[in-house]
Number of protein chains: 2
Amino acid sequence: MTISTDTKDKLLDAAQLMIQTRGYNAFSYADLAKIVKIRKPSIHYHYPAKVDLGIAVTRRYRDNFLHCLTEIDKLQSSWLDKLYDYANLYKEVLSVNRICLCAALATDIHTLPRKLQTEIRSFFNDNVDWLTSLIPNKRKETARMIISTLQGGMILAKSHNEIDWFTAIVQELIAKLSPTANGHTYK
Amino acid sequence: MTISTDTKDKLLDAAQLMIQTRGYNAFSYADLAKIVKIRKPSIHYHYPAKVDLGIAVTRRYRDNFLHCLTEIDKLQSSWLDKLYDYANLYKEVLSVNRICLCAALATDIHTLPRKLQTEIRSFFNDNVDWLTSLIPNKRKETARMIISTLQGGMILAKSHNEIDWFTAIVQELIAKLSPTANGHTYK
DNA sequence: GTCTATAGGTGGATAGAC
DNA sequence: GTCTATCCACCTATAGAC
């Protein structure tokens, strides 16, 4: 393959950054042009409409996330340790001053085209399914509660510029999920 | 006082609706003009800039919420019952297909003027303080965890149009906070 | 307090040269 | 693949009549 996809990737990176830090409706092709250092109309060559870009970003984000989940699956550790690893995926996002891409999109979901809405819901459903099979009670309701806490925790922590709050929230959550896990240290 | 504040209130209602369902950056004065049935420039008479409207909406929302908290305080019930009442405040918002105004604003917080950012953080801080004094362990970290779960739960439930998910998430949360509370029925 | 008219800017998107 | 030039719709906001 000799076709360079470099600009395409840079555009995805820039769009993802903007959505995670400012929201889908608060960035424009002009913003991306400035970041990637090409002119505005050139973006349309790679992604004809803003929706196309939104869908591509979300699909890549979901694929990356799913790949991380399979990596956690390979580990020989307890479900609780894997839950820590899972929470750390979120923490890595927060540590670069972003919230989850799909949480950022979810708050504005009714302003988005249907195809993108579907992609967002798939991300959450994938995560619910993975967590459901991880936890001892195998209940989707518990999995949804865990995801809600992590997503809400990111929004709270980021909006106050207090990343450490998230760490404490995760610790609270895990303590409640496994009252005997107090010996664990989550950093 | 003979000055009618009717239009002012209608504008606040309309702006609040738009922010909670579509986000701050996805609505315009044209949208409000259509809802309130006046012309676009008339809105500027009441709220010169969009920011002024945003601040007024957030302040009113916060005041209303705080008033509800003092109403809960007056009740002669257990902290757990009061926590149910608190969760029900969120559920009422969700039942009309909205998320929390301040969660909707918080995801886009870095696109907003500083004065509005402060107002949003105050809402969360008020809630953390109230919850901290409600719960037995009196820890802000636990209070933040509870708020995160409720806010994240609303976003998850609303983005999937599955309001019942929120009810289940609250039940999971309360079960973890008080393992002996299984007899409670939360609807 | 609400209106018409309009300014000045930016949004996403297209045409066509190179 | 990237550019210049340009379109039209929409944005927030102002001026000034009624």
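Below, chain A is the first sequence line, B the second, and so on; all start at residue 1. Quick caveat: nothing in here was measured; it's all calculated off a predicted structure.
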Cation-pi, B:Y47 ring and B:K8 (6.0 angstrom, 45 degrees)
yes
Under 3.5 Å: donor-acceptor pair, side chain of A:Y29, backbone of A:A49:
yes
Nucleotide D:dC10, atom P - distance to CG of A:N25 in whole Å
15 Å
Looking only at C:dG12, D:dT12, D:dT4, the nucleotide nearest the B:K40 side chain is D:dT12
Per atom distances to the A:H44 side chain, the nearest of C:dA13, C:dG11, D:dA13 is C:dA13
Do any side-chain nitrogens or oxygens of A:S28 fall under 4.0 Å of OP1 or OP2 in C:dG11?
yes
Spacing of B:I43 atom CD1 relative to D:dT12 atom P, expressed in whole Å:
9 Å
Could you give the CG-to-P distance, from A:D31 to C:dG12, as a whole number of Å?
8 Å
With a cut-off of less than 4.0 Å, is there a side-chain N or O of B:T7 near OP1 or OP2 of C:dT2?
yes
Separation of D:dC11 atom C1' from B:Y47 atom OH, nearest Å, is 21 Å
Backbone of B:I109 reached by a side-chain donor or acceptor of B:Q117 within 3.5 Å:
yes
Roughly, in whole Å, what's the span from CZ in B:R39 to P in C:dT6?
15 Å
Minimum-distance nucleotide to B:H46 side chain [options: C:dG1, D:dT12, C:dG11]
C:dG1
How close or far is atom C1' of C:dG1 from atom OH of B:Y45, stated in whole angstroms?
6 Å
Atom OH of B:Y29 and atom P of C:dC3 are separated, to the nearest Å, by 15 Å
Salt bridge (charged side-chain N to carboxylate O under 4.0 Å, His left out) with A:D9: which residues, sequence neighbours excluded?
none
May I ask you to verify if any side-chain N or O of A:S42 is less than 4.0 angstrom from the OP1 or OP2 atom of D:dG1?
no
Which part of the nucleic acid, if any, lies within reach of B:F27 when heavy atoms closer than 4.0 Å are counted: base, sugar-phosphate only, or nothing?
sugar-phosphate
Interatomic distance, B:K8 NZ vs C:dG1 P [rounded to whole Å]:
8 Å
Pairwise side-chain contact, B:V128 with B:K140, heavy-atom cut-off 4.5 Å (strictly under):
yes
